[in-house]
Enquirer: 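A single structure is presented below for examination.
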Amino acid sequence: MKERQLLGIHGLLPARVKTMKEQLFLCKLTVDNYTTATGKYLYLNDLMQRNEKLFYKLLTENIEQLLPIVYTPTVGLVCQRFGFLFRRPEGIFLNIYDKGNVQQILKNWPEKGVKVIVVTDGERILGLGDLGAHGMGIPVGKLSLYTALSGINPKACLPITLDCGTNNETLLNDPQYVGLREKRIGGERYEAFVDEFMEACVEEYGPNILIQFEDFGSHHAFKFLEKYRHKYCVFNDDLQGTAAVVLAGLMSSSRITGKKLSESKILFLGAGGAANGIASLLVMGMIRQGVSKEEAIGKIFLIDADGLVVNTRTKGDLIGPKKYYAKDLNEMDDLNAIVNNVKPNILIGVSTKGGAFTPKVLKSMAAISKRPVIFALSNPTNNAECTPQEAYQHTEGRCVYASGSPFKEVEYQGKTYKTGQGNNCYIFPGVGLGVMLSQMLHIPEEVFLIAADTIAENIKQEHLDKGSVYPPITDIYNMSGLIAEAIMKYAFEKNLAGINRPESIPDFIEKHQYSTSYEDALRPTWEIPPLDTKYDMEKWDPPKSFC
Ligand SMILES: NC(=O)C1=CN([C@@H]2O[C@H](COP(=O)(O)OP(=O)(O)OC[C@H]3O[C@@H](n4cnc5c(N)ncnc54)[C@H](OP(=O)(O)O)[C@@H]3O)[C@@H](O)[C@H]2O)C=CC1
Ligand SMILES: CC(=O)C(=O)O
Ligand SMILES: [Mg+2]
């Protein structure tokens, strides 16, 4: 009642003051009542705008049920229909004509304490291709997971879409398309625009601003990561986050198959951003197990749209990092023939090609290996290279399976399997939290090994027994805390941290995590004390929008 009077809203609400528990009950009932995934998404999106704490409480308490709504697969559908569904600003659109004014436009974002940015240019949204400005759903979804899965304050999160046009003819001809209605502008002009964006972020939010690149086309993804990784606090989720989650899953798989990663042969369907990002971390993982870099590279085979990546290609290119994995083999383009020739025990799908792991391919994998590992990681659900049901059925229940998007429990020969979701959402929230809190200026590759190890160490036998090589989704919040702790320790050991080592790292992390309790409304969770400065609560001036 006091709050209502202070806010001058007494009388605008009915007399009864509901507890959060009562509100949650009603929200859950409402979301369950929507019959379509998009309906649920819109309801949740509306709740996020109306009552942020209630939204995050609902999301965290029902993460398994609601993750597929705020994230893959529904977020893919939302991006495809973004022109119909756009209601209100949830992030910043910077279009290429804004060049020269980027920092000024950033100032229009009402929150000033931004610590984490997820940015896309919409060129490769999940496995759905170029969605241009409609890709905005992805940074919005990823950042909501930063809060729900690691406790970063939503006020510290800023979704950004760089609108440089689209080459998607359907969108260009769609009256509902809300982005720039022109072909993608690339080359030097585009790169200068992205350079200005990076500089503007640092000018506006400081050198520690964490920038996550998401769903760029792979040529730009590699290029920007190499260009910026030593200059800014930046990582590419599709390359590095995905790599860490796959390495973790393969380390857990070894416990089932009895075969070390360094004793494996790994075949990728797909030779783009995700495949090369994963391959590069797997090489690091294998080197740790005692093999040379050359040996490790020799165990990795890539397939792109033109077939197996070989040195003497007449069809297809050898541009970018895939050339490091090219083999002295004959050109082949039939997946089943390649499987039978290469004889991998691990098959990873990052091709965007739904159903590519046909019964024939799966049977071949089962003939080669007692316990074949099948990861069908393309998103959203329809793009998965095979379903868990298909994988078990065609490998006589012997495979170790993971998918990028969630699948329901499946039954095979009387056993129920709850397969794991090999998705970078196990990694980026914890990495972001650890990097942000330790105020690192750059993100070394070891950070992703640390994240992978943390996940792998925390997978229990009971989950492996049920068919999952990952901890349950409901454990991600705890995992993120552990990843952040391990990264902070690493940052202090390597002198990479921009803060003094706190007495207790777990307490420090906990203290800075977002609270969904109404009572904690004034907790300054996003403020992190700078190096050598005592945090003085007396002088703390809460942003007006927070009161
Ligand atoms: N589970 C997770 O956490 C993640 C999943 N992903 C998913 O992985 C998929 C790929 O992402 P990403 O690597 O970034 O995308 P890219 O566009 O960079 O790469 C796609 C690759 O697949 C190849 N490809 C396309 N069609 C075929 C085909 N018919 N047969 C064989 N190869 C084919 C392409 O070949 P070419 O090079 O010749 O064009 C390219 O090498 C997406 O669906 C994405 O959602 C991505 C990141 C994380
Ligand atoms: C999960 C993810 O980042 C992707 O599919 O692009
Ligand atoms: Mg992505």
Side-chain angles (χ1 to χ4, degrees), residues 67-68 71-73 75-76 79 118-131 135 137-139 141-142 145 212-223 225 235-249 267-281 301-309 313 315-323 325 332-336 338 347-358 361 375-385 402-407 420-429 455 470:
L67 192 66
Y71 193 49
T72 180
V75 74
C79 288
V118 175
V119 62
T120 188
D121 73 349
E123 191 174 1
R124 193 289 274 143
I125 293 298
L126 306 175
L128 302 168
D130 182 352
L131 297 187
I138 294 294
K142 291 269 176 185
L145 300 194
Q212 169 174 332
F213 275 63
E214 192 69 50
D215 290 7
F216 280 68
S218 63
H219 47 303
H220 290 132
F222 295 124
K223 193 167 190 174
L225 181 62
F235 75 99
N236 184 299
D237 185 37
D238 300 295
L239 272 55
Q240 297 168 290
T242 313
V245 78
V246 173
L247 177 59
L267 177 63
F268 286 86
L269 187 70
N276 282 286
I278 300 166
S280 151
L281 201 70
F301 298 75
L302 306 183
I303 304 172
D304 66 14
D306 295 304
L308 186 64
V309 176
R313 294 194 105 175
K315 217 175 115 197
D317 63 78
L318 268 183
I319 299 165
K322 67 180 158 194
K323 61 178 172 283
Y325 305 95
M332 280 178 266
D333 58 12
D334 175 66
L335 177 58
N336 190 46
I338 298 171
L347 179 61
I348 298 178
V350 272
S351 66
T352 73
K353 193 164 181 257
F357 296 168
T358 58
V361 168
F375 283 7
L377 300 182
S378 290
N379 297 315
T381 316
N382 285 346
N383 291 47
E385 284 78 3
S403 57
S405 295
F407 279 96
Q421 193 177 344
N423 193 295
N424 48 34
C425 68
Y426 275 91
I427 304 294
F428 69 81
I455 297 291
Y470 294 104

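Each ligand, and each atom within it, is numbered from 1 in the order the structure gives.
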Enquirer: Which heavy atom in Leu126 sits nearest to a heavy atom in Asp215, and how many Å separate them?
Expert: N-OD2, 3.1 Å
Enquirer: Any atom of ligand 1 sitting under 4.0 Å from a heavy atom of Val245?
Expert: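 The answer is no: ligand 1 sits nowhere under 4.0 Å from a heavy atom of Val245.
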Enquirer: Using a strict 4.0 Å cut-off to heavy atoms of Arg124, name the atoms of ligand 2 that fall inside it.
Expert: 6 (O)
Enquirer: Give the residue and atom name of whichever protein heavy atom lies nearest to atom 14 (O) of ligand 1, and the separation in Å to one decimal.
Expert: Arg124 NH2, 2.7 Å
Enquirer: Can you check which of Gly127, Gly273, Gly217 brings a heavy atom nearest to atom 18 (O) of ligand 1?
Expert: Gly273
Enquirer: Using the Mg ion (ligand 3) as the apex, give the angle to atoms OE2 (Glu214) and OD1 (Asp215), rounded to 10 degrees.
Expert: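 The angle at the Mg ion (ligand 3) comes to 100°, rounded to the nearest 10°.
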Enquirer: side-chain hydrogen bond (donor to acceptor under 3.5 Å, both in side chains) between Glu385 and Ser351: does it pass, once the steps are laid out?
Expert: CA-CA 8 Å; Glu385 284 78 3; Ser351 66; 2.8 Å; yes
Enquirer: Check Lys315 with Asp304, please: is the shortest side-chain N to carboxylate O separation under 4.0 Å?
Expert: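 Looking at Asp304 and Lys315, the cut-off is not met.
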Enquirer: Once you restrict to heavy atoms under 4.0 Å, what part of Gln421 touches ligand 2? Side chain, backbone, both or neither.
Expert: neither
Enquirer: Under a 4.0 angstrom heavy-atom cut-off, which atoms of ligand 2 come close to Asp238?
Expert: 2 (C), 3 (O), 4 (C), 6 (O)
Enquirer: Which of the atoms of ligand 2 are close to Asp215, meaning less than 4.0 Å from one of its heavy atoms?
Expert: 6 (O)
Enquirer: Output, in order, the C-alpha distance, side-chain angles, deciding distance and verdict of side-chain hydrogen bond (donor to acceptor under 3.5 Å, both in side chains) for Asn383 and Thr352.
Expert: CA-CA 5 Å; Asn383 291 47; Thr352 73; 4.9 Å; no
Enquirer: Do any nitrogen or oxygen atoms of Tyr71 lie less than 3.5 angstrom from nitrogen or oxygen atoms of ligand 2?
Expert: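 N/O-N/O distance below 3.5 Å does not exist for this pair.
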Enquirer: So which bit of Asn423 gets within less than 4.0 Å of ligand 2, heavy atoms only: side chain, backbone, both or neither?
Expert: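 Side chain only.
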Enquirer: Between the side chains of Asp317 and Lys322, is the shortest nitrogen-to-carboxylate-oxygen separation below 4.0 Å, so that they form an ion pair?
Expert: yes
Enquirer: At less than 4.0 angstrom from any non-hydrogen atom of Lys142, what atoms of ligand 2 do you find?
Expert: 1 (C), 2 (C), 3 (O)
Enquirer: Any atom of ligand 1 sitting under 4.0 Å from a heavy atom of Asn383?
Expert: no
Enquirer: Per the side chain to side chain contact (heavy atoms under 4.5 Å, CB included) rule, which among Leu377, Val350, Val246 passes with Phe268?
Expert: Val350
Enquirer: Who are the salt bridge (charged side-chain N to carboxylate O under 4.0 Å, His left out) partners of Lys223, not counting sequence neighbours?
Expert: Glu191
Enquirer: Report the member of Gly129, Gly404, Ala221, Gly272 with the shortest heavy-atom distance to atom 40 (C) of ligand 1.
Expert: Gly272
Enquirer: For atom 6 (N) of ligand 1, find the nearest protein heavy atom and state the residue, atom name and distance (0.1 Å precision).
Expert: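 Protein heavy atom at minimum distance: Leu377 O, 4.0 Å.
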Enquirer: Is the centre of the Phe235 ring less than 6.0 Å from the centre of the Phe213 ring?
Expert: no
Enquirer: Only heavy atoms count here, so choose which of Thr72, Ile125, Asn379, Asn236 is nearest to atom 5 (O) of ligand 2.
Expert: Asn379
Enquirer: Taking the basic N atoms (NZ, or NE/NH1/NH2) and the acidic carboxylate oxygens, is any pair closer than 4.0 Å for Arg124 and Asp130?
Expert: no
Enquirer: Which is the closest N/O/S atom of Asp238 when seen from the Mg ion (ligand 3)?
Expert: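 Looking only at N, O and S atoms of Asp238, the one nearest the Mg ion (ligand 3) is named OD1.
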Enquirer: Could you list the atoms of ligand 2 found under 4.0 angstrom from a heavy atom of Glu214?
Expert: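 The list of qualifying atoms is 3 (O).
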